[in-house]
Q: 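Following this message is one structure expressed as structure tokens.
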Amino acid sequence: MIEILKRSGIAMAGANAVVVGRSDIVGKPAAMLLLHQNATVTICHSKTRGLGAVTREADILVAAIGRPGFVTADMVKPGATVIDVGINRVTTQAEFDKYFAGNAKREEGFRKRGSTIVGDVHPEAFKVAGAYTPVPGGVGPLTIAMLMATPCARRRCGEGCRPMLRVGLHWRPDERSQE
């Protein structure tokens with residue numbers, strides 16, 4: 001996630017970042033990564049009062065709540081950067097129509113496979129965003145690339161291929177792990 005923001009030239013220092021989702025696997029680590037980049041971070045969840053008002057203040061909005069289409073267009077500040085971490089399978093026609101009505105290409109794939117993927121952000125919300133990560137094809141492929149790049153970089157640095165206890169997206173090729 002951080003690598004996506006850096007490579008896209010999205011300033012994190014001083015930015016108001018909101019993470020929707022408080023899981024130990026994604027939400028809290030995402031918040032910590034943003035804090036390490038000097039963003040001002042708010043962690044929210046499905047029970048946060050006035051959630052839409054909080055998310056509309058975000059320059060960077062991270063959706064990691066595990067609910068399909070939970071973040072809607074009215075929850076996104078115009079021009080905000082939206083990072084959609086969610087991966088949710090849609091298997092019924094009613095669900096499909098809720099998110100992708102009129103998208104012929106997506107419907108063809110849905111009919112062929114019997115399912116499709118939607119993130120935690122409703123596709124209509126991307127029209128409001130200034131930049132966003134699509135689902136599929138956004139955070140997931142970068143995570144895989146970073147998982148592959150980190151051991152390769154360690155090997156180039158002469159650290160060998162010892163087992164890694166933690167992997168983060170804060171890796172940069174010019175830095176060594178601080179263990």
Side-chain angles (χ1 to χ4, degrees), residues 1-10 12 17-34 37 39 43-46 51 55 58-152 164 166-172:
M1 175 187 76
I2 298 300
E3 191 68 24
I4 289 173
L5 294 169
K6 284 181 179 179
R7 288 180 182 242
S8 300
I10 306 296
M12 291 173 274
V18 174
V19 178
V20 181
R22 58 184 168 181
S23 75
D24 292 335
I25 302 294
V26 180
K28 290 175 188 171
M32 292 305 296
L33 289 170
L34 288 162
Q37 297 300 316
I43 300 176
C44 299
H45 47 83
S46 61
L51 179 59
T55 60
D59 302 311
I60 300 170
L61 177 59
V62 179
I65 198 159
R67 294 188 186 177
F70 184 83
V71 175
T72 57
D74 65 321
M75 296 170 73
V76 178
K77 176 182 178 179
T81 299
V82 178
I83 306 293
D84 191 347
V85 183
I87 299 175
N88 306 284
R89 186 167 305 278
V90 171
T91 57
T92 68
Q93 186 67 45
E95 285 179 304
F96 178 87
D97 291 340
K98 182 177 177 182
Y99 304 112
F100 304 110
N103 185 332
K105 185 177 177 183
R106 196 81 179 242
E107 187 161 9
E108 180 182 329
F110 175 75
R111 293 199 187 289
K112 183 178 176 182
R113 289 184 290 284
S115 67
T116 191
I117 302 294
V118 65
D120 291 351
V121 178
H122 193 289
E124 289 295 311
F126 297 135
K127 294 176 182 175
V128 181
Y132 65 91
T133 57
V135 174
V139 173
L142 181 70
T143 302
I144 294 165
M146 298 309 298
L147 288 170
M148 296 303 294
T150 302
C152 294
M164 296 185 59
R166 62 190 163 117
V167 176
L169 292 180
H170 54 25
W171 172 85
R172 291 197 322 239

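Bear in mind that the values here come from a model prediction, so they are computed numbers and not experimental data. Note that the numbering runs from 1 along the sequence shown for the chain.
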Q: May I ask you to test the Val135-Thr133 pair for a side-chain heavy-atom distance under 4.5 Å?
A: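 When only atoms from C-beta onward are counted, Thr133 and Val135 do not touch, as no gap falls below 4.5 Å.
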Q: Mind listing the closest non-hydrogen atom pair of Ala17 and Ala39 along with its distance?
A: CB-CB, 4.2 Å
Q: Is the shortest heavy-atom distance from the side chain of Thr55 to the side chain of Val71 under 4.5 Å?
A: no
Q: Does some side-chain heavy atom of Asp84 sit less than 4.5 Å from a side-chain heavy atom of Phe126?
A: yes
Q: Could you go through the side chain to side chain donor-acceptor pair (under 3.5 Å) check for Gln93 and Asp97 one step at a time?
A: CA-CA 6 Å; Gln93 186 67 45; Asp97 291 340; 2.9 Å; yes
Q: Sequence neighbours excluded, which residues qualify as side chain to side chain contact (heavy atoms under 4.5 Å, CB included) partners of Asp74?
A: Thr72
Q: Just verifying a value: how many Å separate Lys77 NZ and Ile60 CD1, rounded to the nearest 0.5 Å?
A: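 Here the rounded value is 10.5 Å.
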Q: Can you tell me how far apart CD1 (Ile117) and CZ (Arg106) are? Round to the nearest 0.5 Å.
A: 8.0 Å
Q: May I ask you to decide if Val90's main-chain N or O and Tyr99's side chain share a donor-acceptor pair within less than 3.5 Å?
A: no
Q: Answer yes or no: is there an ion pair linking Lys105 with Glu108, defined by an N-O contact shorter than 4.0 Å?
A: no
Q: Got a second to check how far Thr116's OG1 is from Glu95's CD, nearest 0.5 Å?
A: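 Going from OG1 on Thr116 over to CD on Glu95, the span is 11.0 Å.
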Q: Would you find a donor on one side and an acceptor on the other, under 3.5 Å apart, between the side chain of Asp120 and the backbone of Gly66?
A: yes
Q: Please name the pair of heavy atoms, one in Ala80 and one in Ala58, separated by the smallest distance, quoted to 0.1 Å.
A: CB-O, 3.4 Å
Q: So, for Arg89 and Ser115, which heavy atoms are closest and what is the spacing to 0.1 Å?
A: NH1-OG, 3.0 Å
Q: Taking Asn88 for the side chain and Val118 for the main chain, is one N or O donor matched with an acceptor at less than 3.5 Å?
A: yes
Q: For residues 73-98, which residue pairs qualify under ring-ring contact (aromatic ring centres under 6.0 Å, His included), counting only residues two or more places apart or in two chains?
A: Phe96-Phe100, Phe96-Phe110
Q: Return the minimal non-hydrogen interatomic distance between Val19 and Gly27, and the atom names on each side.
A: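 Between these two residues, the closest heavy atoms are CG1-O, 3.6 Å.
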Q: Could you tell me which non-hydrogen atom of Met1 sits nearest to which non-hydrogen atom of Val62, and how far apart they are?
A: SD-CG2, 3.8 Å
Q: Would you please test Val85 and Ile65 for side-chain contact (heavy atoms from CB on, under 4.5 Å) and show each step?
A: CA-CA 8 Å; Val85 183; Ile65 198 159; over 6 Å; no
Q: Starting at NZ of Lys6, measure out to CD of Gln37 and round the result to the nearest 0.5 Å.
A: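 Reported to 0.5 Å precision, the distance equals 4.5 Å.
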Q: What is the minimum heavy-atom distance between Ala64 and Val26, and which atoms define it?
A: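 It is CB-CG1, 3.5 Å.
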Q: Hey, what do you get for CG (Leu34) to CG (Leu5), rounding to the nearest 0.5 Å?
A: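 Spacing of CG (Leu34) from CG (Leu5) equals 7.0 Å.
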Q: Rounded at 0.5 Å granularity, tell me how far NE2 in His45 sits from CG in Leu51.
A: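 Rounded to the nearest 0.5 Å, the NE2-CG separation comes out at 9.0 Å.
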